[in-house]
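Basis for what follows: all heavy atoms, side chains included, without hydrogens, waters or symmetry-related copies.
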Amino acid sequence: MNFIVSALYFEAKNIISSFKLKKIRNFKKYQIFRSDHTVLILSGVGVWNAIFATTYLLSNYNKSKDDWLYNIGSCGTVDREIDLKKILIPNKIIYNGKNFYPDILEKHPFEEGVLNTLDLNEKNIDTGTHIVDNEAAGVFFSAEKFLYLNNITFIKIVTDDFFEKL
């Protein structure tokens with residue numbers, strides 16, 4: 001099974017359409033979309049929302065060691081060399097001074113970089129950071145309890161310059 005966690009509908013709408021995912025209507029807390037081999041959940045913004053949604057998803061659907069989880073979403077850049085719309089794969093996630101390392105074994109065509117997950121309205125960025133978001137560390141923290149590390153992948157699309165928001 002492929003699991004996808006995205007924070008917001010605008011981040012997931014093309015995935016929902018491409019994979020022909022159908023909305024499951026009997027959930028009030030989360031929007032969940034599903035096909036035979038893929039389940040996508042919209043977590044909402046923030047680390048805690050990501051932890052709860054990922055835990056909910058994997059505790060209700062996790063079935064085998066071959067399951068994969070993808071966190072697909074937008075991010076801001078703190079590196080002015082990174083262009084908008086660029087896709088990055090985080091090879092290190094920083095949250096509150098703690099480091100998480102996704103185990104990237106598969107070859108891919110994307111640039112890798114350091115992602116700093118920030119709490120809402122937080123402005124302090126760790127040294128060496130390329131991109132920032134509000135969910136990746138929460139997804140990682142939960143998913144590592146259910147899946148092999150090499151079966152957890154983060155795909156981030158740069159949608160804004162973090163410093164322009166300040």
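Taking each heavy atom of L58 and F146 in turn, the nearest pair found is CB-CG, 3.6 Å. Nearest heavy-atom pair, F10 versus S74, reported as atom, atom and distance to 0.1 Å: CZ-OG, 3.9 Å. Summarising the geometry of L118 relative to N134, their closest heavy-atom pair is O-ND2, 2.8 Å, with the distance given to 0.1 Å. Nearest heavy atom pair, residue I87 against residue I155, reads CG2-CG2, 3.8 Å. Closest approach of L88 to P90, counting heavy atoms only: O-CD, 3.6 Å. L115 and A136 get closest at one heavy-atom pair: CD2-CB, 3.7 Å.
In the hydrophobic clustering of ILVMFWY residues, with side-chain heavy atoms under 4.5 Å counting as a link, L57 and I72 come out apart. The cluster map of Ile, Leu, Val, Met, Phe, Trp and Tyr, joined by side-chain heavy atoms under 4.5 Å apart, puts V139 and L40 in different clusters. Taking hydrophobic clusters as Ile, Leu, Val, Met, Phe, Trp and Tyr residues chained together by side-chain heavy-atom distances below 4.5 Å, I16 does not share a cluster with I32. Transitive grouping of hydrophobic side chains (ILVMFWY, heavy atoms separated by less than 4.5 Å) brings I82 and F154 into a common cluster. The same ILVMFWY cluster, assembled from side-chain heavy atoms under 4.5 Å apart, contains both L21 and L42.
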- Message: side chain to side chain contact (heavy atoms under 4.5 Å, CB included) for L8 and V45? Distances and angles first, verdict last.
- Response: CA-CA 7 Å; L8 301 169; V45 177; 3.8 Å; yes
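Of the candidates I4, L147, T153, L147 is the only one forming a side-chain contact (heavy atoms from CB on, under 4.5 Å) with L69.
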Can you give the donor-acceptor pairs under 3.5 Å from side chains of residues 95-103 to other protein atoms, not counting sequence neighbours?
{"from": "Y95", "atom 1": "OH", "to": "D119", "atom 2": "OD1", "distance (Å)": "2.8"}
{"from": "Y95", "atom 1": "OH", "to": "D119", "atom 2": "OD2", "distance (Å)": "3.2"}

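Atom OG1 of T129 is separated from atom CZ of F162 by 10.0 Å, given to the nearest 0.5 angstrom.
Applying the salt bridge (Lys or Arg N to Asp or Glu O under 4.0 Å) test to residues at least two apart or on different chains, the pairs with a partner in residues 124-153 are D133-K156. Counting only residues at least two apart or in different chains, side-chain hydrogen bond (donor to acceptor under 3.5 Å, both in side chains) contacts with residues 43-55 comprise T55-S142.
Checking side-chain atoms of N116 against main-chain N and O of V132 turns up no donor-acceptor pair under 3.5 Å.
Applying the salt bridge (charged side-chain N to carboxylate O under 4.0 Å, His left out) criterion to R80, with sequence neighbours excluded, gives D161. Evaluation of the ring-ring contact (aromatic ring centres under 6.0 Å, His included) rule for Y30 yields Y56 as partners, not counting sequence neighbours. Every salt bridge (charged side-chain N to carboxylate O under 4.0 Å, His left out) that K86 has, sequence neighbours left out, goes to E111.
F140 is listed as a side-chain neighbour of L149, based on a closest heavy-atom distance under 4.5 Å.
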